[in-house]
Protein chains: 2
Amino acid sequence: MTLTRTATEARLPVLEVFGPTIQGEGMMIGQKTMFVRTAGCDYRCAWCDSKFTWDGSERHLVRHLTPAEVLAEVCALGQDRFQHVTVSGGNPALIGEPMAEFIRLCHERELRVGLETQGSRWQDWFTEIDDLSISPKGPSSGMETDWDVLDDLVARLTSHGVHFSLKVVVFNAADLAFARAVFARYPHAEKYLQPGNEDVAAAGDISRRLLDKLAWLFEQVIADKAFNDVRVLPQLHALVWGNKRRK
Amino acid sequence: MTLTRTATEARLPVLEVFGPTIQGEGMMIGQKTMFVRTAGCDYRCAWCDSKFTWDGSERHLVRHLTPAEVLAEVCALGQDRFQHVTVSGGNPALIGEPMAEFIRLCHERELRVGLETQGSRWQDWFTEIDDLSISPKGPSSGMETDWDVLDDLVARLTSHGVHFSLKVVVFNAADLAFARAVFARYPHAEKYLQPGNEDVAAAGDISRRLLDKLAWLFEQVIADKAFNDVRVLPQLHALVWGNKRRK
Ligand code: SF4
Ligand code: SF4
């Protein structure tokens with residue numbers, strides 16, 4: 001039935017909407033923002049901190065909403081206390097036209113839109129994102145980067161003048177080598193490194209463990225001329241609130 | 001004697017040169033950088049974490065160096081492991097032509113230059129700074145902002161297209177009110193809030209105390225629509241290394 005088909009295609013698979021909160025990581029670190037988390041990912045990272053977006057455990061919580069419905073929910077929750085929206089996943093770049101429409105609606109409301117993806121897939125609406133964080137996954141994730149796709153993606157973002165960055169999460173020396181390769185390949189991109197969280201299920205205060213890992217990463221970066229042009233940032237939300245969800 | 005006079009005028013009062021390290025705060029948070037700390041300040045903030053730059057306790061350590069000598073020291077220490085230099089104080093905006101020359105020399109070496117000042121005083125070389133952090137001081141500091149000077153400074157930076165930001169350190173509700181006034185007065189500036197460090201002399205690990213203060217500031221910002229466009233950031237160096245000097 002055409003009506004149903006159209007209705008389904010024009011929807012976003014939304015797992016959670018929360019905020020206002022503080023963006024804890026990456027190029028917009030510290031920014032007050034609302035979050036929209038979409039369901040589904042084409043990767044299966046070993047250390048994924050959002051496995052519930054793709055492992056089936058929360059399939060019953062996924063709602064298929066129209067772009068206007070998502071924005072209405074964001075606005076109902078955020079009231080007048082935000083002007084920035086971050087779209088995260090999973091991989092929100094799996095979504096086509098409904099995401100383009102959501103971004104258009106946000107911009108009509110003069111909201112700024114940030115988005116986080118691993119860079120495995122291009123979407124034409126990337127050019128409309130205000131702050132696009134691309135996070136290729138290193139060896140510790142168990143995933144492999146498709147360099148042709150990433151080359152194409154970075155070239156298009158650059159030619160469109162999109163404000164984007166490359167962020168690599170680092171657990172070990174192999175990830176550092178991967179980061180060196182990524183950054184050498186795209187020397188003109190904004191570059192970020194982030195220490196990995198070794199236990200995304202631990203309860204309570206995990207700040208000292210995370211800060212020790214940050215100290216280690218600081219030392220690696222300080223010692224290595226390949227990282228002269230890099231910014232090293234922790235996950236502030238995990239330092240302040242631990243592994244808590246919707247924070 | 002003219003020769004001596006000229007030589008003195010062409011020098012910078014330098015208290016310390018250190019790095020490479022990680023910029024712990026503000027608009028360039030996480031950036032690998034060298035630091036040059038100048039001596040002397042026109043303020044006397046109650047909670048100043050660099051009192052040694054102006055209280056006389058380290059007067060014997062101040063060296064009057066030519067711009068070329070400062071750069072030589074930066075390069076000797078940083079070798080090939082940096083491409084960003086941060087000038088801090090004290091208030092480096094007390095220095096005129098020698099600072100302009102130092103910035104020129106840095107740019108000749110293709111180094112990017114960041115600078116931190118409270119905004120009490122204009123310098124023509126502000127327009128040459130790549131990342132200029134202006135940090136007006138709230139009531140808890142005991143200082144008063146000269147709004148005419150700050151208005152003029154922000155207007156000039158804006159008209160020159162300088163990449164600058166306004167950062168307010170927050171200890172209490174009065175500082176939050178001050179931040180609201182600053183940000184409302186300059187709505188188009190990049191805006192940062194930073195929790196104050198209540199004890200800049202404490203030894204050892206102070207991270208939990210600082211993170212609790214950050215959590216408090218997060219909650220204040222989340223609840224207040226005056227701060228929708230603001231970024232809230234801690235001092236990463238203090239989280240990782242405590243109150244240690246030259247880190
Ligand atoms: S790409 Fe992101 S959401 Fe997908 S599995 Fe990896 S970490 Fe998880
Ligand atoms: S302006 Fe900065 S250096 Fe000067 S007294 Fe205040 S905190 Fe210290």
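The basis for the numbers below is simple: all heavy atoms, side chains too, and nothing from hydrogens, waters or symmetry mates. Convention: sequence-line order gives letters A, B, ...; per-chain numbering from 1.
- When each of Ala215(A), Ala226(A), Gly30(A) is checked for heavy-atom pairs under 4.5 Å with chain B, Gly30(A) comes out on top.
- Using a 4.5 Å cut-off between heavy atoms, Val221(B) contacts chain A through both its backbone and its side chain.
- With respect to chain A, the highest number of heavy-atom pairs below 4.5 Å among Ile222(B), Val240(B), Val232(B), Leu211(B) belongs to Ile222(B).
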Mind listing the donor-acceptor pairs under 3.5 Å that bridge chain B and chain A?
{"from": "Met27(B)", "atom 1": "O", "to": "Arg231(A)", "atom 2": "NH2", "distance (Å)": "2.9"}
{"from": "Ile29(B)", "atom 1": "O", "to": "Arg231(A)", "atom 2": "NE", "distance (Å)": "2.9"}
{"from": "Ile29(B)", "atom 1": "O", "to": "Arg231(A)", "atom 2": "NH2", "distance (Å)": "3.0"}
{"from": "Gly30(B)", "atom 1": "O", "to": "Val232(A)", "atom 2": "N", "distance (Å)": "2.8"}
{"from": "Gln31(B)", "atom 1": "NE2", "to": "Asn228(A)", "atom 2": "O", "distance (Å)": "3.4"}
{"from": "Lys32(B)", "atom 1": "N", "to": "Val230(A)", "atom 2": "O", "distance (Å)": "3.4"}
{"from": "Lys32(B)", "atom 1": "NZ", "to": "Val221(A)", "atom 2": "O", "distance (Å)": "2.6"}
{"from": "Lys32(B)", "atom 1": "NZ", "to": "Ile222(A)", "atom 2": "O", "distance (Å)": "3.3"}
{"from": "Lys32(B)", "atom 1": "NZ", "to": "Asp224(A)", "atom 2": "O", "distance (Å)": "2.9"}
{"from": "Lys32(B)", "atom 1": "NZ", "to": "Asn228(A)", "atom 2": "OD1", "distance (Å)": "3.0"}
{"from": "Asp80(B)", "atom 1": "O", "to": "Asn228(A)", "atom 2": "ND2", "distance (Å)": "2.9"}
{"from": "Arg81(B)", "atom 1": "NH1", "to": "Ile222(A)", "atom 2": "O", "distance (Å)": "3.2"}
{"from": "Phe82(B)", "atom 1": "N", "to": "Asn228(A)", "atom 2": "OD1", "distance (Å)": "3.3"}
{"from": "Asp205(B)", "atom 1": "OD1", "to": "Arg208(A)", "atom 2": "NH1", "distance (Å)": "3.1"}
{"from": "Asp205(B)", "atom 1": "OD2", "to": "Arg208(A)", "atom 2": "NH1", "distance (Å)": "3.1"}
{"from": "Ser207(B)", "atom 1": "OG", "to": "Arg208(A)", "atom 2": "NH1", "distance (Å)": "3.3"}
{"from": "Arg208(B)", "atom 1": "NH1", "to": "Asp205(A)", "atom 2": "OD1", "distance (Å)": "3.0"}
{"from": "Arg208(B)", "atom 1": "NH1", "to": "Asp205(A)", "atom 2": "OD2", "distance (Å)": "3.0"}
{"from": "Arg208(B)", "atom 1": "NH1", "to": "Ser207(A)", "atom 2": "OG", "distance (Å)": "3.3"}
{"from": "Val221(B)", "atom 1": "O", "to": "Lys32(A)", "atom 2": "NZ", "distance (Å)": "2.6"}
{"from": "Ile222(B)", "atom 1": "O", "to": "Lys32(A)", "atom 2": "NZ", "distance (Å)": "3.3"}
{"from": "Ile222(B)", "atom 1": "O", "to": "Arg81(A)", "atom 2": "NH1", "distance (Å)": "3.2"}
{"from": "Asp224(B)", "atom 1": "O", "to": "Lys32(A)", "atom 2": "NZ", "distance (Å)": "2.9"}
{"from": "Asn228(B)", "atom 1": "O", "to": "Gln31(A)", "atom 2": "NE2", "distance (Å)": "3.4"}
{"from": "Asn228(B)", "atom 1": "OD1", "to": "Lys32(A)", "atom 2": "NZ", "distance (Å)": "2.9"}
{"from": "Asn228(B)", "atom 1": "OD1", "to": "Phe82(A)", "atom 2": "N", "distance (Å)": "3.2"}
{"from": "Asn228(B)", "atom 1": "ND2", "to": "Asp80(A)", "atom 2": "O", "distance (Å)": "2.9"}
{"from": "Val230(B)", "atom 1": "O", "to": "Lys32(A)", "atom 2": "N", "distance (Å)": "3.4"}
{"from": "Arg231(B)", "atom 1": "NE", "to": "Ile29(A)", "atom 2": "O", "distance (Å)": "2.9"}
{"from": "Arg231(B)", "atom 1": "NH2", "to": "Met27(A)", "atom 2": "O", "distance (Å)": "2.9"}
{"from": "Arg231(B)", "atom 1": "NH2", "to": "Ile29(A)", "atom 2": "O", "distance (Å)": "3.0"}
{"from": "Val232(B)", "atom 1": "N", "to": "Gly30(A)", "atom 2": "O", "distance (Å)": "2.8"}

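- Heavy atoms closer than 4.5 Å to chain B are found in the backbone of Val230(A), but not in its side chain.
- Chosen from Leu214(B), Leu239(B), Leu193(B), the residue pairing most often with chain A at heavy-atom distances under 4.5 Å is Leu239(B).
- Each ring-ring contact (aromatic ring centres under 6.0 Å, His included) pair with one or both residues in residues 16-36 of chain B, not counting sequence neighbours, appears once here: Phe18(B)-Phe35(B).
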